[in-house]
Amino acid sequence: SAVTEFYNLTVDTGATMSIDAGIAQANVKNVFQNDGTFTAGSSTVYFTGTTAEIKGASASTFNNAQVTGTLTLNAGSDATVSGTLTVTSTGTLTMNGSAVLRLGTPSTAGTAVIQGLFQTSGTTPTVTDKGARFSFTVSGASGKVLINNITFNNPDINGLSIANTANTGFDIDYAAF
């Protein structure tokens, strides 16, 4: 299976980009900007850089996403992960302002596994489902949650699950479920 590397990946207005079956993994080091149509296929998109962000006028849908570096969703960002979002022990996912992270599909529950750092700030970033609920689990020795403000819409029966693992930590100032 092939790996494709991008420093910046931009899908221009009116353009279409598809990751075909021959590419199992796409690595994005800096900006993923979607102003057109992006089709992830069955791939996993890895965010590997120290300043990666998802932005653009169009919502972006990924099959699976893995954060091994730092990924920021800023106000106005709208990203969907149909399968599993994993933030590895070396990764950081930051949601700012009105950013929206959608997990799953209308018929399949989504999954977020946070083994690194998940943090939020600003006016109510939102983690929500696409119709079939989602699980959101923080685990591992590096798993940390620093929440200033967030809304979790339609999580599964476990809501935000924080595993009882040495060094797993959390600081939640405001969360709505």
Got a donor-acceptor contact below 3.5 angstrom from the S58 side chain to the G36 backbone?
yes
Taken to the nearest 0.5 Å, the spacing of I162 CD1 from S139 OG works out to 10.5 Å
Quick check: closest heavy atoms across N34 and A59, and the distance to 0.1 Å?
ND2-O, 3.2 Å
Look at the side chain of T105 and the backbone N and O of S107, then say whether any donor-acceptor pair between them is shorter than 3.5 Å.
yes
Are the side chain of S77 and the backbone of I54 linked by a donor-acceptor contact shorter than 3.5 Å?
yes
Aromatic ring proximity, centroids under 6.0 angstrom, F32 and F62:
yes
Would L146 end up clustered with I150 when hydrophobic side chains under 4.5 Å apart are linked, directly or stepwise?
no
Spacing of M95 atom CE and L73 atom CG [to the nearest 0.5 Å]
5.5 Å
Are the side chain of N27 and the backbone N or O of E5 linked by a donor-acceptor pair below 3.5 Å?
no
Could you state the interatomic distance from CD1 (I114) to CD (Q119), rounded to the nearest 0.5 Å?
11.5 Å
Taking all non-hydrogen atoms of both residues, which atom of S98 and which atom of G76 are closest, and how far apart?
OG-N, 3.4 Å
Spacing of CG belonging to L85 relative to CD belonging to Q66, to within rounding of 0.5 Å:
9.0 Å
With no hydrogens and no angle check, just 3.5 Å: does a side-chain donor-acceptor pair link Q25 and T44?
no
For residues T88 and T90, is any side-chain donor paired with an opposing acceptor at under 3.5 Å?
yes
Closest non-hydrogen atoms of A132 and A109, given as atom of the first, atom of the second and distance, are O-CB, 3.2 Å
Group every Ile, Leu, Val, Met, Phe, Trp and Tyr by side-chain heavy-atom contacts under 4.5 Å, then state whether L71 and V100 land in the same group.
no
State, to 0.1 Å, how close T126 and N153 come at their nearest heavy-atom pair, and which atoms those are.
CG2-ND2, 3.6 Å
Going from CG on D12 to CE on M17, what distance comes out if it is rounded to the nearest 0.5 angstrom?
12.0 Å
What residue among T86, V45, T84, T111 forms side-chain contact (heavy atoms from CB on, under 4.5 Å) with N64?
T84
Hydrophobic clustering (ILVMFWY, side-chain heavy atoms < 4.5 Å, transitive) - are V113 and V81 grouped together?
no
Do F177 and I157 share a hydrophobic cluster, counting only Ile, Leu, Val, Met, Phe, Trp and Tyr and linking them when any side-chain heavy atoms are less than 4.5 Å apart?
no
Considering residues at least two apart in sequence or located in another chain, which fulfil the side chain to side chain donor-acceptor pair (under 3.5 Å) criterion with N149?
none
Could you state the interatomic distance from OG1 (T50) to NZ (K29), rounded to the nearest 0.5 Å?
10.0 Å
State which residues pass salt bridge (charged side-chain N to carboxylate O under 4.0 Å, His left out) with D78; sequence neighbours excluded, sorted by chain then number.
R102
Over 60° means perpendicular and under 30° means parallel, so tell me whether F118 and F152 are parallel, tilted or perpendicular.
tilted
Just to verify, which of N96, N74, N30 counts as forming a side-chain hydrogen bond (donor to acceptor under 3.5 Å, both in side chains) with E53?
N74
Taking the hydrophobic residues Ile, Leu, Val, Met, Phe, Trp and Tyr, and joining any pair whose side-chain heavy atoms are under 4.5 Å apart, which ones share a cluster with V31?
none
Would you say that more than 12 heavy atoms from the other residues, nucleotides or ligands in this model lie under 6.0 Å from the OH of Y7, or not?
no
Check whether any side-chain N or O of S43 sits under 3.5 Å from a backbone N or O of A40 as a donor-acceptor pair, and report yes or no.
yes
Where V127 and L103 come nearest, the two heavy atoms and their spacing:
CG1-CD1, 3.9 Å
Can you give me the closest heavy-atom contact between S142 and S89, atom names plus distance?
CB-O, 3.7 Å
Could you state whether Y174 and V138 fall into the same hydrophobic cluster, counting links through intermediate Ile, Leu, Val, Met, Phe, Trp or Tyr residues with side-chain heavy atoms under 4.5 angstrom apart?
no
